[in-house]
Enquirer: 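Once you've had a glance at the structure underneath, I'll fire off some questions.
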Protein chains: 2
Amino acid sequence: MPATPAVPDGKRPTLADLATRAGVSTALASIVMRGAKGASAATRERVLEAAREIGYRPDARARLLRSHRSHLLGVQFGLQHPFHADLVEGIYATAEPAGYQIALSAVTAGRGEQRAVETLLDDRCEALILLGPQAPASRLTELAGQLPVVSVARHLRPPVPGLEVVRTADDKGARQAVDHLVALGHRAIAHIDGGKAPGAADRRRGYRTAMSRHGLTEHIRVVPGGLTEAEGAEAAQVLAASHPRPTAVLAFNDRCATGVLDVFLRSGIPVPGAISVVGFDDSHLARLAHIDLTTVGQDIPRLAHLAVDRAIARLDGRDTGTGEQVVAPHLVVRGTTAPPSTAPAT
Amino acid sequence: MPATPAVPDGKRPTLADLATRAGVSTALASIVMRGAKGASAATRERVLEAAREIGYRPDARARLLRSHRSHLLGVQFGLQHPFHADLVEGIYATAEPAGYQIALSAVTAGRGEQRAVETLLDDRCEALILLGPQAPASRLTELAGQLPVVSVARHLRPPVPGLEVVRTADDKGARQAVDHLVALGHRAIAHIDGGKAPGAADRRRGYRTAMSRHGLTEHIRVVPGGLTEAEGAEAAQVLAASHPRPTAVLAFNDRCATGVLDVFLRSGIPVPGAISVVGFDDSHLARLAHIDLTTVGQDIPRLAHLAVDRAIARLDGRDTGTGEQVVAPHLVVRGTTAPPSTAPAT
DNA sequence: ACACCCAAATGGAACGTTCTACAATCGGTC
DNA sequence: GACCGATTGTAGAACGTTCCATTTGGGTGT
């Protein structure tokens, strides 16, 4: 809150105004403002004081225009996904201390990925971080040719050249969940899958191989689901009505699991008394005392950190070459899993 | 996807490159690119063709630097609030067709409003749209002095000069909910409030006056709550344990109501059999078939539209002078409300 | 005293646009 | 054939910053 509102003229104060005020050249004022070396402590203080007086703020656009580096990371995210929100939070936390700014571009019902990416490119981002991108591999390849691109949570096979991938070992997570349930004594374990959502294929595969490894091939049962509560609820209806009802369910994610829980509770099927439920993500939702969901935790801060780190690494030219960072998930046991009460139907 | 990847040199193509390619001056190329008049149809086509060939995209930063207008609206939003996500979606939908770009800046646990606004100012936004700002009135006043500012969902009393407010008539919404419950035959209606969240005071007041108007002053009961599921659950525990248990509850918002529902269901208190529950917001959550929550709907698209409209109006100098836009809410009756089963305790 | 050197400071040219002149071209009219 | 207005086009100066190459100035070392 400057005492002197601004420069005499109504316009916003510029570097030249600041320089005049402090009695130095614009170049020197610039040096001081961006904390570069080349100014004495005395002048530094004088310039900063002047900046405070006139309420000077550097113009980010002009700065970025001139400097070859923009130090701007473009992030595309799904506005309606809490998982993305958590990731963005982590991305801010890593990027800003590292001296990078974040430009957000949301994907919504009326605003596709194409448009989201276009605005980011127009803003001259140096690299792109795409959260769960659905775009075809060809499009991603094209983008990766233009600038460093990091795909978070979207597993691409075969790998796209030049595209960094940061993801959770979804198959491993599904396996952990199955192992846990089997250890509790469950045999009839069903999986509500995520269709073609990013990661769904891996989780499905992890579930299948884990079941086989435990000799439960005949109990494998995949019910089509999705990533929302409604889709989970729908799948739960199917399961509740099925005759040899499974004693445990692995849902695609926490939102899906919430829908499942709700249906079971309303149908008078106690959880975990009659059936155990496991989610995926360890979102805020799962942690709530009254939901208390056993779930497979994704290390979101680490995913976010890696995504930023990979982007910056590419920008700095330190290319690790691996191209894929896989983060281990960890099972979080809470209150929705317990040993089966009766012998499972065979 | 340009056949020729870019300009010979590895750099991104610039207006000069385009002009050279098309055999015109940069000025004319500029005219064509921004669709201004002053170019013949023939050249226009030729330039556009060249642009396509070399994959030219105007540099937003340079453009904004030069033109006095930036056509950029800064939006501050809470990354974890679904309500804000919906608003942002609506804001995009109104702003982009109107020729304005959106710069998003998120408020998170580790990134306060102050920082969020600072980055927006550095980006030279022309106006600010703040979703549910918590900043002190003094800070908002200061901001409003610098550029047009629209506060969405935060009701300021006394009005801050120069600050536009767009909000729902929260008091009216609470009244509609109470009226609905009373019409069903309820008398002991409790309110779980939102503390100092934006809008909470108005809803509380609306609840109180509606109760009084129905002669139910002695049944007024406000339980401290909040805007999350956990806070709703906590309040529900209190209500469930209280002796003359209310027959209906008006929760601060849908998330809060979800927590309430969950606790009641787990405690074996049927909804709406033993107790009716009303939410607020009509979020996606409430609409899910298995939650099916009676709630007070906020007209989010309209709020978003008005927010953008007010900002643009101020920029265009058409100042309506009113400074406050109040949108009517509407009750959405679903499955969580019904007549009380027994006579309410007096 | 001399060259020498490093820090402190500066002038001016970028960066990629748009904007404000102004110049050229072209029918058409008197 | 000179004049005109409208249309098309161009040159060059902004915009606010950072980078580069230089200049200044006061110590050192010999």
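Every chain is numbered from 1, with letters handed out A, B, ... down the list of sequences.
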Enquirer: Short question: side chain of A:D17, backbone of A:T14 - any donor-acceptor pair under 3.5 Å?
Expert: yes
Enquirer: Using a 3.5 Å distance criterion without hydrogens, assess whether the side chain of A:R61 forms a donor-acceptor pair with backbone atoms of B:L65.
Expert: no
Enquirer: Quiz question: by atom type and distance under 3.5 Å, do the side chains of A:S30 and A:R34 form a donor-acceptor pair?
Expert: yes
Enquirer: Want to settle it: does B:A62 or B:I31 sit nearer the 5' end of DNA chain D, counting the closest nucleotide to each?
Expert: B:I31
Enquirer: With a non-hydrogen cut-off below 4.0 angstrom, is A:S30 in contact with a base, only sugar-phosphate, or nothing?
Expert: base
Enquirer: Over how many whole Å does the gap from B:E45 atom CD to D:dT8 atom P extend?
Expert: 15 Å
Enquirer: Can you tell me which nucleotide in C:dA9, D:dT17, D:dT10 comes closest to the side chain of A:D59?
Expert: D:dT17
Enquirer: From C-beta outward on A:S40, which listed nucleotide comes closest to its side chain: C:dT18, C:dG16, C:dA8?
Expert: C:dA8
Enquirer: Which is true for A:A27 with a 4.0 Å heavy-atom rule: it touches a base, it touches only sugar-phosphate, or it touches nothing?
Expert: base
Enquirer: Between the base of C:dT17 and the side chain of B:R66, is one N or O donor paired with an acceptor at under 3.5 angstrom?
Expert: no
Enquirer: What is the separation between atom CG on A:L18 and atom P on D:dT18, rounded to the nearest whole Å?
Expert: 11 Å
Enquirer: Does D:dT17 have OP1 or OP2 sitting under 4.0 Å from an N or O in the side chain of A:T26?
Expert: no
Enquirer: Picking from C:dC19, C:dT18, D:dT18, which would you name as closest to the side chain of A:S67?
Expert: D:dT18
Enquirer: Quick one, A:R46 with A:E49, criterion salt bridge (charged side-chain N to carboxylate O under 4.0 Å, His left out). Give me CA distance, side-chain angles, the key distance, then yes/no.
Expert: CA-CA 5 Å; A:R46 190 152 39 96; A:E49 169 62 21; over 6 Å; no
Enquirer: Can you tell me how far C1' of D:dC19 sits from CZ of A:R63, to the nearest Å?
Expert: 14 Å
Enquirer: Can you check the B:L64 CG to C:dC19 P distance for me, whole Å?
Expert: 11 Å
Enquirer: Is the backbone N or O of A:A135 less than 3.5 Å from a side-chain atom of A:E113, with the two atoms forming a donor-acceptor pair by type?
Expert: yes
Enquirer: Look at the side-chain N and O atoms of B:T14 and state whether any lies under 4.0 Å from the OP1 or OP2 oxygen of C:dT17.
Expert: yes
Enquirer: Could you check which of D:dC15, C:dG11, D:dT18 has an atom nearest any side-chain atom of A:S25?
Expert: C:dG11
Enquirer: What's the NE2-C1' distance between A:H71 and D:dC19, to the nearest Å?
Expert: 14 Å
Enquirer: Figure out the CG/C1' separation between A:L28 and C:dG11, and round it to whole Å.
Expert: 13 Å
Enquirer: Between atom NZ in B:K37 and atom P in D:dA6, what is the gap in whole Å?
Expert: 10 Å
Enquirer: In whole Å, I'd like the distance from the NE2 atom of A:H68 to the C1' atom of D:dT18.
Expert: 12 Å
